Each structure stands twice: as C-alpha cells, then as structure tokens.
There are 2 protein chains.
Amino acid sequence: MYRKIAADLRDKIKSGELPPGSLLPTQQELSRKYEVARMTTRQAIAELINEGLVVAQQGRGVTVRDRQQMVYRPQDGWEAPTSPTIDRFTAAFTRHGRNPSMEIDVSVVQADDFVAERLGVEPRSQVVARRRVISLDGTPFHINDTYYPYELVRDTEIMSPADIPGGSNYVLAERGYRERYAIDEFFIRMPTPEEIGRLRLNPGTPVAMHVVTGFTAREEPVRCDIFILPGDRHVIMYERVHPIDDEGRPVSTPRGGQS
Amino acid sequence: MYRKIAADLRDKIKSGELPPGSLLPTQQELSRKYEVARMTTRQAIAELINEGLVVAQQGRGVTVRDRQQMVYRPQDGWEAPTSPTIDRFTAAFTRHGRNPSMEIDVSVVQADDFVAERLGVEPRSQVVARRRVISLDGTPFHINDTYYPYELVRDTEIMSPADIPGGSNYVLAERGYRERYAIDEFFIRMPTPEEIGRLRLNPGTPVAMHVVTGFTAREEPVRCDIFILPGDRHVIMYERVHPIDDEGRPVSTPRGGQS
DNA sequence: AAGTGGTCTAGACCACGCC
DNA sequence: GCGTGGTCTAGACCACTTA
C-alpha cells in the first residue's frame with residue numbers, strides 16, 4: 001500500500017503536476033484519501049525522501065526538491081583543452097551572481113590507512129591536512145581536504161590557513177616537486193553523519209568522493225586531495241581527446257607517444 | 001532514541017566488532033535491550049539501510065554489507081597513457097576469476113529531452129537505442145545505454161543486438177564519422193525504481209550516471225552513451241597528465257597547443 | 001493557536017528463510 | 001514450525017512553523 005502511495009506521488013512529481021518547491025498533500029490528507037494510518041503515509045514519504053525527491057520540514061510540510069547544480073571540472077587549472085562545445089554544456093548549469101567563500105583549517109595529523117596508502121607513507125605517520133569547505137551564497141558546496149607529506153611542505157605557505165597565490169602546486173614545484181600527472185578516483189556513496197553536518201545535506205543526498213593523487217615525473221606522490229561533492233549540487237565534467245587524428249594515425253601525447 | 005541505537009550499531013560496524021557479512025542483533029533483541037517498541041528499533045535499522053551500511057532480508061536477519069568494487073575506466077579503449085602507478089591503484093580493486101556476460105537490446109525510440117539536447121536533434125525525433133546490462137558472475141554490474149542519430153547508423157551492424165568487433169566507434173569511422181573527442185558528465189543521485197530492478201540494487205545504494213557525448217572534429221555529435229554505475233560496485237578512475245614539462249614549458253597536446 | 005511533521009507505543013498479521 | 005524482517009493500525013505526545 002505505501003508503495004502505491006509513493007508511486008502515485010512520484011508520478012505527480014515527474015509529470016510536473018507537483019513542480020519543484022510545491023507542497024505535497026499533508027500526511028493527514030493522504031491518510032484520509034487512501035484510508036490508511038498515518039504511519040503508512042509516513043512510510044511512503046520516507047521512500048521519496050530517501051530517493052532525494054522531496055524534503056520534509058517540521059511545521060512546514062513536505063516540498064518537492066529543486067536541484068541547483070554547478071559544474072565541477074577536475075581538469076581546471078591544468079590548462080586543459082577547451083572546445084566551444086563544452087562551453088555549451090557548462091552553460092546549462094551555470095548560475096550568475098554567485099558569491100563564493102571559503103573556510104580553511106590547516107593542521108598536522110596522523111595519516112589514516114586510505115591517505116597513507118596514496119601518499120606512500122606509513123599509516124599513522126605525520127601529514128599536513130589542509131581542510132576547506134567551499135560555499136556559494138552562504139550554502140556549503142563541497143569539502144576539499146588536501147593531505148601533503150610533512151617534509152614536503154613544512155615551513156612553506158601551505159601551512160598557513162590562507163589562500164595560496166598560484167596554488168599549492170606552484171609552491172611544491174619551487175621546492176623541486178613539480179606535479180607531472182595525477183590519478184583521479186571517484187567513490188559514490190552515502191555521506192557520513194560528519195559530512196552531513198559539515199555540508200548541511202538533506203536526507204537522501206548521495207555524494208561523490210573524488211580523490212586526486214598527484215605525482216612527480218619520478219613517480220613520487222606529492223599530494224592527496226579529497227573532495228566531497230554532494231550529488232544535488234554538482235555535475236562533474238571532463239573533456240577527452242582521442243589520441244589519434246582524423247586519418248587514424250597516432251598523435252603525440254604529452255607523455256610522449258602511445259603506450 | 002532511535003538515533004542512539006543507530007549510532008551504537010554504526011560504531012560497532014566501523015570498529016570492526018561487526019564485520020562485513022555478520023548478523024546484527026534481531027529487532028526483538030534490540031527492543032528488549034533498549035526497552036523500546038519494535039517500531040523504534042526498525043527506524044534505527046532503516047537509517048543504517050539508507051546509509052548503505054547493512055541489508056535486511058526477510059527470514060534471515062540484518063547483515064553488514066560487503067563492498068566488492070571493480071575499476072571503471074572511461075579512458076579504456078582510448079589508448080590512454082598508462083603509468084606503473086595506476087596499475088598499482090587498480091590492483092587494489094581487481095578480482096580474478098570473473099565471468100562477464102551481457103544482455104543487448106537494440107531498438108528505434110523517440111529521443112527524450114536529455115538525449116536530444118546532447119545529440120543535437122529535435123526532442124522526440126527518432127534515434128537508435130542500444131541497451132545493455134553488463135554482468136559479472138551473474139550479478140549485474142552496470143547499465144550501458146547508447147543512443148545514435150538514426151541516419152548515422154541505419155543499415156549498419158550497430159543495429160544488430162550482438163557484440164561489435166572493434167567497437168561501434170570503428171563502424172562510425174568507416175562511415176565518415178570518426179569520433180575525435182568526447183565530453184564526460186557525471187550525475188550523482190539515487191536510482192530510479194526501474195534502475196533498482198534492472199540492476200537488482202539494495203536499498204541505500206546511490207548511482208553515478210555517466211554520460212559520454214562523442215563528437216567528430218567538425219563538432220557533430222555521433223553518440224550519447226549513458227552508463228548507470230552502482231556506487232557499491234565501482235570505483236571510477238582517470239589518469240591525467242599536466243600539459244607542461246618538468247621545466248614548466250608547455251608540451252604539445254593532441255589538439256595542438258594550449259588554449 | 002492551529003496545523004504541520006517527528007517520535008514512540010503495543011499490539012496484529014503476513015512473507016520468507018532455515019531447520 | 002519457528003523465528004526473522006515487512007507491513008499496518010490507532011492511538012499518544014512533542015517540536016516546530018506560520019499566521
């Protein structure tokens with residue numbers, strides 16, 4: 001029964017009969033209409049909440065969710081190739097008049113297993129953690145925690161909780177650790193209670209955990225960057241070029257030829 | 001109260017006291033221990049289910065979930081650069097003795113708004129849909145639906161529901177539509193009921209929707225590929241190379257220089 | 001103050017897995 | 001057949017928003 005109620009409501013949302021921002025019928029109304037107990041209608045609504053379709057607020061009611069997504073481009077700052085087409089794609093998600101802000105917190109911590117494995121250091125050895133929450137118009141958009149091997153960044157401006165002109169890669173390059181390539185990993189999962197708090201997430205919002213591990217040309221790890229991207233606020237976008245030309249012949253790549 | 005029960009169980013799972021595959025205390029036991037009604041313990045367990053931590057099965061009990069993830073590499077087949085390091089990364093997620101299988105279904109359908117926008121055709125115009133479900137050892141791993149403009153693929157082997165030797169890009173290239181570059185989009189969300197059915201997903205499993213739109217050098221779209229990747233079964237991995245060399249000078253890119 | 005959703009109770013019966 | 005989780009009822013009181 002609760003599945004039928006949920007399906008009916010889902011259909012009304014998808015068809016546009018209940019547009020984003022509108023209020024669903026109250027739980028009491030649904031109970032009367034379907035002749036069920038309120039706990040049953042609550043279960044139907046819980047299903048929609050967990051699907052990320054609606055949000056419930058005490059005293060207000062249940063409203064249909066609206067997605068406001070921004071484009072997240074891992075290749076930004078890499079002087080990546082850009083085509084007119086990708087601008088057309090990103091335009092669909094771009095909003096204007098945004099007011100960005102950032103919270104920064106730098107500390108020396110013990111590396112957990114996950115970070116230690118990526119930085120090639122012993123678990124629980126000291127690393128520098130640079131933790132940031134990036135907000136737009138006052139609402140948190142994503143978490144960006146960066147971990148560096150302690151010896152690489154001690155006594156640099158990376159240790160100070162302020163914006164770094166030119167980026168931290170510039171600082172590392174000056175010390176002889178120029179990042180040459182990086183590996184991106186994405187894990188799709190539900191947020192931890194800590195992440196829900198830091199990002200003020202609604203129930204039913206999954207996140208992408210984007211892990212960037214940067215290496216020098218000598219294969220030494222120089223940084224491990226962890227982004228937590230709420231699914232309702234981001235579209236992740238990449239651009240790729242085939243390493244063969246229009247006649248099917250190989251084109252030289254930055255790392256010098258085909259593998 | 002139900003939050004406390006959920007937090008206690010979550011701690012026991014994270015600490016390893018309740019390892020993957022083990023059974024949680026039954027709802028009746030929890031009700032006795034915490035002196036609450038069974039509906040309250042059910043709510044605690046519902047929370048853990050929606051976090052993707054546990055699965056409930058009628059007649060069996062509630063078990064701690066185990067993740068078996070495979071590596072998903074969008075760059076595969078692109079002759080992408082490969083370093084020894086990425087092999088080390090992928091090794092952590094690779095399982096052996098896997099038995100892959102595929103279901104294919106090809107049909108001519110009306111493009112929805114999403115696909116029409118990406119293929120640059122009118123909404124509801126005819127496109128060819130090639131729908132696949134890829135399974136490993138009998139369990140579905142991901143959905144791969146590919147859409148082509150009808151005129152580009154009519155009377156080709158893309159229309160037949162069988163494996164294509166060399167891939168569909170090879171067939172398109174022969175007809176003068178060689179894919180030169182592609183744009184990747186990732187949307188993170190909860191699965192639709194249809195996706196839950198096709199992939200036999202457990203509750204609390206988010207998915208990544210990976211959309212690849214391929215273009216010729218003349219900026220004509222040739223395909224729109226939609227992958228549905230369950231979060232508990234995939235790690236998405238990219239490798240990127242900085243377009244500058246160790247002295248900081250630009251390196252030529254496949255598309256010919258910096259932007 | 002009225003109305004909304006949030007939590008909780010103490011029962012009931014059903015569907016399923018396992019012995 | 002027994003015990004598990006799945007569904008549902010008919011109440012109760014609380015916390016919060018809005019007017």
Side-chain angles (χ1 to χ4, degrees), chain A residues 1-10 12-13 18 20-66 193 196-197 200-205, chain B residues 1-10 12-13 18 20-66 138-139 193 196-197 200-205:
Chain A
M1 192 61 215
Y2 80 92
R3 283 177 187 282
K4 178 176 162 43
I5 302 174
D8 286 356
L9 291 170
R10 190 162 30 232
K12 286 189 183 169
I13 292 167
L18 288 168
S22 64
L23 282 162
L24 261 58
T26 69
Q27 296 175 357
Q28 206 180 48
E29 281 168 7
L30 289 171
S31 303
R32 267 204 310 273
K33 179 175 168 191
Y34 289 94
E35 296 179 319
V36 293
R38 187 162 74 102
M39 281 302 289
T40 307
T41 71
R42 278 185 62 72
Q43 200 165 0
I45 286 168
E47 195 165 276
L48 300 179
I49 289 172
N50 290 324
E51 284 170 21
L53 288 175
V54 300
V55 262
Q57 290 154 288
Q58 262 189 356
R60 277 209 63 202
V62 181
T63 48
V64 180
R65 256 170 94 165
D66 189 15
I196 292 174
R200 299 207 295 269
L201 296 180
N202 287 318
T205 307
Chain B
M1 191 62 215
Y2 80 92
R3 283 177 186 282
K4 178 175 162 41
I5 301 175
D8 286 355
L9 291 170
R10 189 162 32 230
K12 286 189 183 171
I13 292 167
L18 288 168
S22 63
L23 281 162
L24 262 58
T26 68
Q27 297 175 357
Q28 204 180 49
E29 281 169 7
L30 289 170
S31 303
R32 268 204 310 274
K33 178 174 167 192
Y34 289 94
E35 296 178 320
V36 294
R38 186 161 77 104
M39 280 301 290
T40 307
T41 72
R42 278 185 61 72
Q43 200 165 0
I45 285 168
E47 195 166 276
L48 300 180
I49 290 172
N50 290 325
E51 285 171 21
L53 289 176
V54 300
V55 259
Q57 289 155 288
Q58 263 188 358
R60 276 209 62 205
V62 180
T63 48
V64 180
R65 255 171 95 165
D66 190 16
T139 58
I196 291 173
R200 298 207 295 271
L201 297 180
N202 287 318
T205 306

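Proteins get letters first, then strands, A, B, ... in listed order; numbering begins at 1 in each. Since this is a predicted model, take the numbers as computed values, not measurements.
Taking the charged nitrogens against the carboxylate oxygens, Asp8(B) and Lys4(B) do have a contact shorter than 4.0 Å, which makes a salt bridge.
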Contact pattern, 5' to 3', of nucleotides 11-19 of chain D - B, S or - by protein heavy atom under 4.0 Å: -B--BBBS-
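Atom CG of Leu30(A) is separated from atom C1' of dT9(D) by 17 Å (rounded to the nearest Å). Taking atom CD of residue Glu29(A) and atom C1' of nucleotide dG5(C), one finds them 13 Å apart after rounding to whole Å. Rounded to whole angstrom, the span from the CD1 atom of Ile45(A) across to the P atom of dG6(C) amounts to 8 Å. Taking atom CD of residue Gln43(A) and atom P of nucleotide dT7(C), one finds them 14 Å apart after rounding to whole Å. Here the P atom of nucleotide dG6(C) and the CD atom of Glu47(B) are 13 Å apart, to the nearest Å. Taking atom CD1 on Ile49(A) and atom C1' on dG6(C), their separation rounds to 10 Å, with Å as the unit.
Taking only side-chain nitrogens and oxygens, Gln28(B) comes nearer than 4.0 Å to OP1 or OP2 of dT4(D). Residue Tyr2(B) has a polar side-chain atom (N or O) positioned under 4.0 Å from OP1 or OP2 of dT7(C). OP1 and OP2 of dT7(C) both lie 4.0 Å or more from every side-chain N or O belonging to Thr40(B). Of the side-chain N and O atoms in Thr26(B), none sit less than 4.0 angstrom from OP1 or OP2 of dG3(D). OP1 or OP2 of dG6(C) sits under 4.0 Å from a side-chain N or O of Arg42(A).
Proximity of a side-chain donor or acceptor of Glu29(B) to a complementary backbone N or O of Thr26(B) within less than 3.5 Å is detected.
Neither side chain, Arg32(B) nor Thr41(B), offers a donor N or O lying under 3.5 Å from an acceptor on the other.
Between Val62(B) and Ile49(B), the closest side-chain pair of non-hydrogen atoms is not below 4.5 Å. Contact annotation: the side chain of Leu30(A) approaches that of Leu9(A) to within less than 4.5 Å [non-hydrogen atoms, C-beta and beyond].
Every side-chain hydrogen bond (donor to acceptor under 3.5 Å, both in side chains) that Arg38(A) has, sequence neighbours left out, goes to Gln27(A).
In the set dT9(C), dG5(C), dT7(C), dG5(C) carries the atom at the smallest distance from any side-chain atom of Gln27(A).
Across Arg65(B) and Gly52(B), no two heavy atoms sit closer than the pair CD-O, 3.4 Å.
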